[in-house]
2 protein chains.
Amino acid sequence: MPLSKLRLDGTGALYEQVARALRHAILQGLFVPGERMPATRVLAQTLGVSRNTIATAYEILRADQLTVAYERSGTRVADITHLPTRPKAQSATPAQSRFAARARQLPSITLGRIREGLPYDLHYGDPPYDPALVRSWSRRLLAAARVAGPFYPEATGFPPLRRAIVDYLARRRGITCSESDILIVGGTQQAITLTLRVLVDEGDPVAIEEPHYQSLMHAASAHGAEIIGVPTDEGGIMTSELRRHQARLICVTPSHQFPSGAVMSLARRLELLDIASRDGSWILEDDYDSEFHYHGRPLAALRSLDLSGRVVYVGTFSKTLFPSLRLGFIVIPPGLRRDFVRAKCLDDLGSPAVEQAALASFMRSRQFEKNLRRTVLDLDRRRTILIDGLLRHARGRIEINDTRAGVHIVVWLTTLSYPQLERLIDKALTRGLGLYPMHPHYRSPPPRPGLLLGYAGLSAEALCRAAEIFGECLEAVHRE
Amino acid sequence: MPLSKLRLDGTGALYEQVARALRHAILQGLFVPGERMPATRVLAQTLGVSRNTIATAYEILRADQLTVAYERSGTRVADITHLPTRPKAQSATPAQSRFAARARQLPSITLGRIREGLPYDLHYGDPPYDPALVRSWSRRLLAAARVAGPFYPEATGFPPLRRAIVDYLARRRGITCSESDILIVGGTQQAITLTLRVLVDEGDPVAIEEPHYQSLMHAASAHGAEIIGVPTDEGGIMTSELRRHQARLICVTPSHQFPSGAVMSLARRLELLDIASRDGSWILEDDYDSEFHYHGRPLAALRSLDLSGRVVYVGTFSKTLFPSLRLGFIVIPPGLRRDFVRAKCLDDLGSPAVEQAALASFMRSRQFEKNLRRTVLDLDRRRTILIDGLLRHARGRIEINDTRAGVHIVVWLTTLSYPQLERLIDKALTRGLGLYPMHPHYRSPPPRPGLLLGYAGLSAEALCRAAEIFGECLEAVHRE
C-alpha cells in the first residue's frame, strides 16, 4: 500500500497511534492478505518516528493476530477472510425499536437551564445552596466509604437506609410499612420507569394529571402507554373525569400538584382510592416535595389512607438533599414486592452503596431533619420575598395562587399574549433573569400564559432584584 | 366505636401512633361519619397515655381533614363519602404486565453467595480485597463531593470522566472514539437493559452465547426477546451456527467468554462483524474483564475492528474497582447516540455525580492503572496457586482450561456424576469451602459437571488451603 496514506490521530502514545493507523489500513483492505509489512526503517522514516516505535506497533498487531511473523520472510499481513464492510452514512440510522421510535418523537425536556451562569435564574429543580450541608455531607461520604464495603449491594437497598426511611415515613407522612416494603431507587425517574414496567403493557391506558411533570409524560409515552390527560383544579386531579376511563395506572402528585401547586383535598384522595379499588387501577403517588409545607403539616399521604394496597408511593432526596445524589425510594404495595425487586435487579442490580450508607447515617443522626427544618424556614422567607416583590413590581398584571408549599410558584400573566410571553422571557434573559414558561407542561397550552419559577437556588437579595427586573421587563413588553 | 379495639404499633412518637391508630379506625368505618370523637381524657385513660398526646393526635387528624372541630360540639369525624374498600389477600396478585409475568418465570440468579462468612469462599464477583485502595478511594470521594456540585448530573455522564475513558480506551483497547460516544451507566446490567430497549422489540431474536451470563439471559428474557442460544468452543461463539439465524442483537464476551473462559480468535471476530454487517444485526460486546490478561496483552476489542458501526461496546468498573460502585460505560455506535442518551435519561436521568467525579480524578492521576497493574500481578500469582493446588490435590480427577485471563477458572470434574457434584458442594460447605456449579450457566446442562471458581476475594494462603480441602472432599465423595 502507499505508505503516505497512513495518518496518526494524535491520541495517546505514538506506538499506539501507529498500531491504530496500520490496523485501520489492514481492515480497510489497503494491505493485501499475505503482503509483507513495510520494513521498520522505511515506515519510521515515512511517519517521522523512531524504529523502536514501529517495532512496538508491529508487536501489537501480531498480538492482535492481524499480522504473522515468519522467521525468514519477516512480518506479513494475516490471511484475513472476512474483511468488514465499509461504513455507511450513520446519520440516517432509523429507530431500531418501537421504544426508540417513540422516544424520538418526544419533545425536549424544558426543565433544564436555559443558560449557565445567569445571576437571577429562577430555574426549578436547583437545590437550596448550602455550603455547610455540602461539607457535612462530604464527611459522611468519607465515613460511609469505609462502612459500605466493596461488594455488590443488596438490590432492594442498604438495610439501615431502608429502616431509617420506614421510621421517617411513620413520623412524617403517617405511613406504616416495613423495611421489606421499601425499595431504594435512582431517584423519582427510575421509580416511574420501574412502576411502568411492572404494571403497564404497551397500549395500556395511563392517567396523567394535566398540567403534568414532563419526565413522567415522556417515560409513559416511550413505554408505549396510551396517555389519558386528566384535568386538575384547585382540589387536585378531577376524579369525576377519571371515572370515565379505566386507567391501568393513575399518576398523581397529591401533596403539591406538579406544576400547578394544587393540594389534593381529602375528599378527592378518598374518591381516588375508591376508583382505584373499584377499577383495579394502580396509583403512583409522587410525593416529590411534601417536606416543603410552610403552613402546618402536609395532608396525610395517599399511601397512609390506602387500605387496599393500590398505591405505589414514591419519595425522593433530590429536593431535601441534592439532585446529584440520584436517590429515591418506592413503598411497594404488598402484592407486588417481588415484581418490583426483580425489575430493579434486572435494570441495574441495585443502587450504589456509599451514598446509601451516608444517607442512612445522616437520617439516623437526625441531622437530616434538623437540616430540613432550617431549610424550610429559609425557603418560606425567600418565597414570601419573591411573591411580594413580584406582586409589587408587576402592578396588577399577574396572579399567583400561593398554596404555601414546594420550591416553586406559578405566576399567571393576566395581561399578556403568548407572543408577548416570548418577548418577556427573551428580554429577561438579556438582563440576567431566567424565566421558565408554564405551557410546555400542558398537552395543549392554557388560555393565558404563565411562568413556573423556582426560588430555592437564589439568595433573598437575588430574589428581590429578580422581582425588580421582572417588573421592568413586563413594563417594557407592555410599552412596545 | 369500642375504644378497646385501638392498638398502637410502637413505631415513633406516641402521638403519631395514636393518630395512625385513629386514622385507621376512621378509614375502616369503625367511627360513623359525624360521630363525636371520644373525650381526650377518656381516650388517654384507655390507651394509658397523657391527654397532651391525645390532643396532638387530634390536631394531626384535623390537619388531615379526617375530623372537623366544631366550636360547640367538639371534634367530630368528617363526612367521608368514599371509604376505601377493605384489603384483599395480597399474596395472590397476578403479574400485572407481560414484563412482570416473564420476570416471574426466571430462575433465581446463582452468582450470589451461598452463605455469608465462609472462610474459603470461591465466589465469583468478589473484588480483590485491598484496604489501601479503599482508603485512597475514600479520600477521593471526599474531594469529589466538593467538585461534583449538587445539581442534576449530565445524563451522558460527568465530562471529565468521559474524557478519561476515551483516553484509556485508546491506549488499552485500541478503540478510537470521542467523548460524545461515551455514555456513563450504572454498571453492565444497565448497559444491557438500555441496549435491549434501544435495539430490540418483544419477539425479536437475540443471540446469546452458550454457556452464558445469567443476568444477561434474564434481562433479555424479561424484555421479551426470543432467545437464540449459540454454542461456543475454544475460539468463542461459533459463527457458523450464528449464520443460520438473523439475530437482531448478538451478545458476546470476546476477550474472555463468560463463563467458559475462551478467547475469541481474530478470524471469528472478523466473521462476526461480517455477519452483523450483512444481516443488519447489532453486536453487544461485553468487555467485562479484559484488564485481567496474564500473558501479553488482550486481543484488540471487537469495537476497534468495527468499521461499519454495529458494535455496542460495554465496559465496567466492577472488576477493576468495586462492584458497589455501580459504574460502567457504553461506547455508542455513531448512528445510535441520541437513542441511547434518551433511553438513559428516561430510565434515571443520569448516574450519581460524586462517584463519577472521584473516578475521573482517579483515572487522570493514573492511580487507576497503577493499581490495576499491581492487582494483575497479584491475581496472576493467586491464580497459579489455586490451579496448581487443585491439580495436585485432585489427583487426575479434574481438567482446567487455563486461558490465562479473568478472575475465575472453570474446573471440569471428569470422574463425577451430577448427584456426586451436589454431594461435593454440600461436603465442601460443611468444611467452610464455597464451590459454585457451572451448569446453571447453560440452558441444558453439559455432559460432565463443572465448577466456576472465583479467586479474587481470597488470599494466597486461603487459596492453598481451599485446594487442599477441595482434594479431601473430592476423595471423600469418591470413597462413598
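- The part of B/Thr193 that comes within reach of chain A is its side chain, from C-beta onward, which places non-hydrogen atoms under 4.5 angstrom from that chain.
- Heavy-atom pairs under 4.5 Å with chain B were tallied for A/Ala191, A/Ser304, A/Ala219; the largest tally goes to A/Ser304.
- Between chain B and the options A/Leu349, A/Leu141, A/Asp167, the largest number of non-hydrogen pairs under 4.5 Å is found for A/Leu349.
- Put simply, of A/Ile192, A/Leu106, A/Asp204, A/Asp9, the one with the most heavy-atom pairs under 4.5 Å next to chain B is A/Leu106.
- Between chain B and the residues A/Ile275, A/Val134, A/Thr176, A/Leu325, the largest count of heavy-atom pairs under 4.5 Å involves A/Thr176.
- For a residue to count as touching a neighbouring chain, one of its non-hydrogen atoms must lie under 4.5 Å from one of that chain's; by this rule B/Ala19 does not touch chain A.
- Looking at B/Asp347, both its backbone and its side chain come within 4.5 Å of chain A, counting heavy atoms on both sides.
- Contact of B/Asp64 with chain A is made through backbone and side chain together, with heavy-atom distances under 4.5 Å.
- Most heavy-atom pairs under 4.5 Å with chain B: of the set A/Arg135, A/Arg248, A/Arg140, this distinction falls to A/Arg248.
- With a 4.5 Å cut-off on non-hydrogen atoms, A/Arg269 does not touch chain B at all.
- No part of B/Leu321 comes within reach of chain A, as not one of its non-hydrogen atoms sits under 4.5 angstrom from that chain.
- Side chains of B/Arg326 and B/Gln190: no donor on one and acceptor on the other come within 3.5 Å.
- Between B/Val311 and B/Pro333, the closest heavy-atom pair is O-CG, 3.4 Å.
- Using a 4.5 Å cut-off between heavy atoms, B/Arg337 does not touch chain A at all.
- Ranking B/Ser265, B/Ala101, B/Pro94, B/Gly174 against chain A, the residue ahead of the rest is B/Gly174, based on heavy-atom pairs under 4.5 Å.
- Comparing A/Asp348, A/Val185, A/Asp201 by how many heavy-atom pairs each has under 4.5 Å with chain B, the most go to A/Asp201.
- Comparing B/Phe340, B/Tyr152, B/Phe322 by heavy-atom pairs within less than 4.5 Å of chain A, the highest count is held by B/Tyr152.
- Contacts of B/Arg23 with chain A are made by side-chain atoms alone, with heavy-atom separations under 4.5 Å and no backbone atom involved.
- Interface remark: B/Arg98 contributes backbone and side-chain atoms alike to the contact with chain A (heavy atom separation under 4.5 Å).
- For the options B/Gly186, B/Ala300, B/Ala145, heavy-atom pairs under 4.5 Å to chain A are most numerous at B/Ala300.
- Proximity to chain B (any heavy atom under 4.5 Å) is shown, for A/Leu66, by both the backbone and the side chain.
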